[in-house]
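Structure record follows, encoded as structure tokens.
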Amino acid sequence: MIGGLIFDLDGVIVDTSEFHYQAWKRLAAELGIAFTRDDNEKLKGLSRLESLDTILSLANPYNHQTGVAAQSRKIELAKRKNSWYLEFVRNLAPDDILPGVENFLVECRQSGIKTAIASSSKNAKAVIDSLAISHLFDCIVDGTRVAKAKPNPQIFLIAVKKLNEKPGSCIILEDALAGVEAARLARIRCIGIAPEPALLPADLVIPGFLNFGIKELCSFDRLIRNPA
Ligand code: BG6
Ligand code: MG
């Protein structure tokens, strides 16, 4: 029996990775750091500051600067990147919702399955507002609510609690390795979203929601039992 579905946002509901890429690339260029789309792939699911650290280590893998001055510089850099990222987010519209997602959400809610967002992004609410889909979720847990980002399972466990469910009655939908690992640590079943099954160690991997509805979700529920 499925009580709740917990959706990651970036890469599951909407593809914002190009926006993150463009904004990080602009910052990296200012810092004289070469930053590629492949590098950007590795940032999926990481928090903003972890992403910045990863980019800074591209220039110097041994330069892990700590201390108050280094930290406040990093916060300033991350803030600049975020202002460029938000320029893209402001132009998002309902048409940008990934194919099949909205129908799937409506179908689940009509079947009495609760829905939540659990996203590491501190911009999750702005993204959801631009897509005009907040009414399709019972709760939204974003990066402002947790001290530790995925792969820490905290964000998913908060979502389970807010849905008034148990980990065993929920299913997570995730596109990033860090998120799939967080689902495993939370002992919640996970459906990965990726173009190839080999790309994610999830209980099931699907390319998206165009050919995935309530019928397929229920067969997954029957086949893959709660790991707890
Ligand atoms: C995740 C994205 O959802 O949110 C990451 O996959 C991103 O790429 C992270 O770094 C934090 O996002 P934001 O919007 O708080 O900078
Ligand atoms: Mg994601």
Side-chain angles (χ1 to χ4, degrees), residues 5-28 35-58 74-92 96-98 101 115-131 133 137 140-156 158-159 171-184 186 188 190-195 199-202 205-209:
L5 289 186
I6 304 173
F7 292 80
D8 173 50
L9 176 67
D10 296 308
V12 172
I13 306 257
V14 60
D15 189 5
T16 48
S17 67
E18 182 64 22
F19 303 164
H20 282 295
Y21 171 66
Q22 294 297 341
W24 282 128
K25 195 170 170 55
R26 184 167 167 185
L27 187 74
F35 178 68
T36 65
R37 280 178 205 278
D38 278 351
D39 297 326
N40 190 56
E41 281 300 301
K42 295 178 196 127
L43 306 182
K44 280 187 179 172
L46 301 187
S47 74
R48 197 180 305 163
L49 284 175
E50 284 167 342
S51 302
L52 176 62
D53 273 334
T54 307
I55 292 169
L56 294 176
S57 71
L58 289 172
K74 284 181 191 175
I75 290 168
E76 185 50 41
L77 292 175
K79 212 166 141 189
R80 296 230 325 274
K81 177 265 173 178
N82 197 50
S83 68
W84 299 325
Y85 174 69
L86 282 174
E87 286 172 20
F88 292 111
V89 167
R90 275 190 279 276
N91 289 323
L92 275 175
D96 295 307
I97 300 169
L98 285 169
V101 170
T115 53
I117 290 272
S119 165
S120 304
S121 171
K122 293 187 167 140
N123 297 304
K125 289 210 168 89
V127 172
I128 290 163
D129 284 349
S130 294
L131 300 175
I133 49 168
F137 297 98
I140 294 167
V141 189
D142 65 17
T144 63
R145 301 289 312 275
V146 286
K148 291 187 176 161
K150 302 168 189 174
N152 188 292
Q154 187 186 21
I155 194 160
F156 289 138
I158 295 175
I171 296 170
I172 287 168
L173 297 116
E174 249 297 342
D175 74 310
L177 205 52
V180 175
E181 176 62 4
R184 191 186 64 76
I188 303 174
C190 181
I191 298 178
I193 315 296
L199 292 176
L200 283 178
V205 178
I206 58 171
F209 294 92

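Excluded from the calculations below are hydrogen atoms, water molecules and symmetry mates; all remaining heavy atoms, backbone and side chain alike, are included. Counting convention: from 1, in listed order, for ligands and their atoms alike.
Of the charged side-chain nitrogens involved, none lies within less than 4.0 Å of a carboxylate oxygen, so that Arg90 and Glu87 do not count as a salt-bridged pair.
Counting protein heavy atoms only, atom 6 (O) of ligand 1 is closest to Gly45 N, 2.9 Å. The closest protein non-hydrogen atom to atom 1 (C) of ligand 1 is Asp10 OD2, 3.5 Å. The protein heavy-atom contact nearest to atom 7 (C) of ligand 1 is Leu46 O, 3.2 Å.
Of all protein N, O or S atoms, those under 2.8 Å from the Mg ion (ligand 2) number 3.
When each atom of ligand 1 is checked for a heavy atom of Leu43 under 4.0 Å away, the hits are 5 (C), 8 (O). Taking every heavy atom of Lys122 and a limit of under 4.0 angstrom, the matching atoms of ligand 1 come to 13 (P), 14 (O), 15 (O). Under a 4.0 Å criterion applied to the non-hydrogen atoms of Asn123, ligand 1 contributes the atoms 13 (P), 14 (O), 16 (O).
Listed for the Asn91 side chain is no donor-acceptor partner under 3.5 Å among the backbone atoms of Phe88.
Residue contacts with ligand 1 for Leu9 are absent, since no atom lies close enough (heavy atoms, distance under 4.0 Å).
Residue contact annotation: Ser51 has a non-hydrogen atom under 4.0 Å from ligand 1. Put simply, no part of Ala176 is less than 4.0 Å from ligand 1, judged by heavy atoms.
By heavy-atom distance, the residue among Ser121, Ala78, Ala124 lying nearest atom 11 (C) of ligand 1 is Ser121.
The shortest N/O to N/O separation between Arg48 and ligand 1 falls below 3.5 Å.
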